[in-house]
Amino acid sequence: MSDSAPTAAETRRIAEEARDRVRFEEEALELSDQVYRVARRLTGSREEAEDLVQDTYARAFRAWHQYTPGTNLRAWLLRILTNLNIDRGRRVQRSPDTQPLEEGDYFLYNKLESTLPDENPDEERVIERLSQNSVVEALAEVPHDFRDVIVLVDIGEFSYADAAHILDIPVGTVMSRLHRGRRILKQHLAEKAAA
């Protein structure tokens, strides 16, 4: 039975650790306004700052035993905050553009619709406003790398694999350049049609 009951030394250590943790949490929470102000300046929005502060305190409370009592707690918390903000920035950079496809697909239609207040343009009206010359001019304004892929795939009707072989680039690059090139071309055509 003596194996299951904690010794007096273990009990003192557990109680001392609990007191240290409570003291740490109280001191850390006293700095929450300062931590929030820094987070607000780093993120630029109230919601993101609140999320960042919440994540900072969650990480700090999980790792409270790594803090050395008597050192600068504010600096320790702000280091956690800064590291989390850097991680957040990296996640944003790695995440794809979340522009809705619908808006990109209807860019030309929406641009023309905004220039004609009383009428809804239909496909025939769009075709009338875009002559073959304006398509060629808009295509000429597309950067070279994207234009080559558009010409091969959309005009020459080559497969992605054939276009990749011709241009000596990976198939994924062909698809990426085609997607971006089409968007650029749509925007140029919309500007010409609306002008």
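The structure presented is a predicted model; accordingly, all values stated were derived computationally and were not measured.
- Every pair passing salt bridge (charged side-chain N to carboxylate O under 4.0 Å, His left out) that includes a residue from residues 151-165 is listed here, sequence neighbours excluded: D154-R182.
- Atoms CG and OG1, on L77 and T82 in that order, are 10.5 Å from each other to the nearest 0.5 Å.
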**Message:** Assess the residue pair V38 and Q34 against the criterion (side chain to side chain contact (heavy atoms under 4.5 Å, CB included)); give the C-alpha distance rounded to whole Å, side-chain angles, the decisive distance to 0.1 Å, and a yes or no.
**Reply:** CA-CA 6 Å; V38 172; Q34 295 175 37; 5.9 Å; no
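- Between atom CG of residue N83 and atom CG of residue L78 there is a gap of 11.0 Å, rounded to the nearest 0.5 Å.
- For the residue pair A161 and V171, the shortest heavy atom distance occurs at CA-CG2, 4.1 Å.
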What side-chain donor-acceptor pairs closer than 3.5 Å can you find for residues 55-65, not counting sequence neighbours?
| unit_1 | atom_1 | unit_2 | atom_2 | d |
| --- | --- | --- | --- | --- |
| T56 | OG1 | L52 | O | 2.7 |
| Y57 | OH | A28 | O | 2.6 |
| Y57 | OH | S32 | N | 3.2 |

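- Listed by chain and residue number, Y67, W76 satisfy the ring-ring contact (aromatic ring centres under 6.0 Å, His included) test with F24 (two or more places apart in sequence, or in another chain).
- A distance of 5.0 Å separates CD1 of I166 from CG of L152, quoted to the nearest 0.5 Å.
- A continuous path of ILVMFWY side-chain contacts below 4.5 Å connects L29 to L73, so both sit in one hydrophobic cluster.
- Between L81 and A39 the shortest heavy-atom distance is CD1-CB, 3.7 Å.
- D20 is listed as a side-chain neighbour of E16, based on a closest heavy-atom distance under 4.5 Å.
- In this structure, CZ in F146 is found 4.0 Å from CZ in R180, a value given to the nearest 0.5 Å.
- Here the NZ atom belonging to K186 is positioned 12.0 Å from the CD1 atom belonging to I184, to the nearest 0.5 angstrom.
- Take E27 and apply the side-chain hydrogen bond (donor to acceptor under 3.5 Å, both in side chains) test, not counting sequence neighbours, and it matches no residue.
- Checked by atom type and distance alone, the side chain of E10 pairs as donor or acceptor with a backbone atom of T7 at under 3.5 Å.
- The minimum heavy-atom distance between L189 and A138, with the atom names listed, is CD2-CB, 3.6 Å.
- Residue D145 holds its CG atom at 4.0 Å from CZ of R177, rounded to the nearest 0.5 Å.
- Under the 4.0 Å criterion applied to side-chain N and carboxylate O atoms, R21 and E25 are assigned as salt-bridge partners.
- Within the structure, side-chain hydrogen bond (donor to acceptor under 3.5 Å, both in side chains) contacts touching residues 36-49 (residues at least two apart or in different chains) are R46-E50, E48-R88.
- For D51, there are no side-chain hydrogen bond (donor to acceptor under 3.5 Å, both in side chains) partners two or more places apart in sequence or in a different chain.
- Considering only heavy atoms from C-beta on, M175 stays 4.5 Å or farther from V149 through its side chain.
- Side chain of T68 to main chain of T71: no donor-acceptor pair is present (N/O by atom type, distance under 3.5 Å, no hydrogens or angles).
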**Request:** Apply the test side chain to side chain contact (heavy atoms under 4.5 Å, CB included) to residues R183 and H179: give CA-CA distance (whole Å), side-chain angles for both, the deciding distance (0.1 Å), then the verdict.
**Result:** CA-CA 6 Å; R183 278 189 182 244; H179 175 74; 3.3 Å; yes
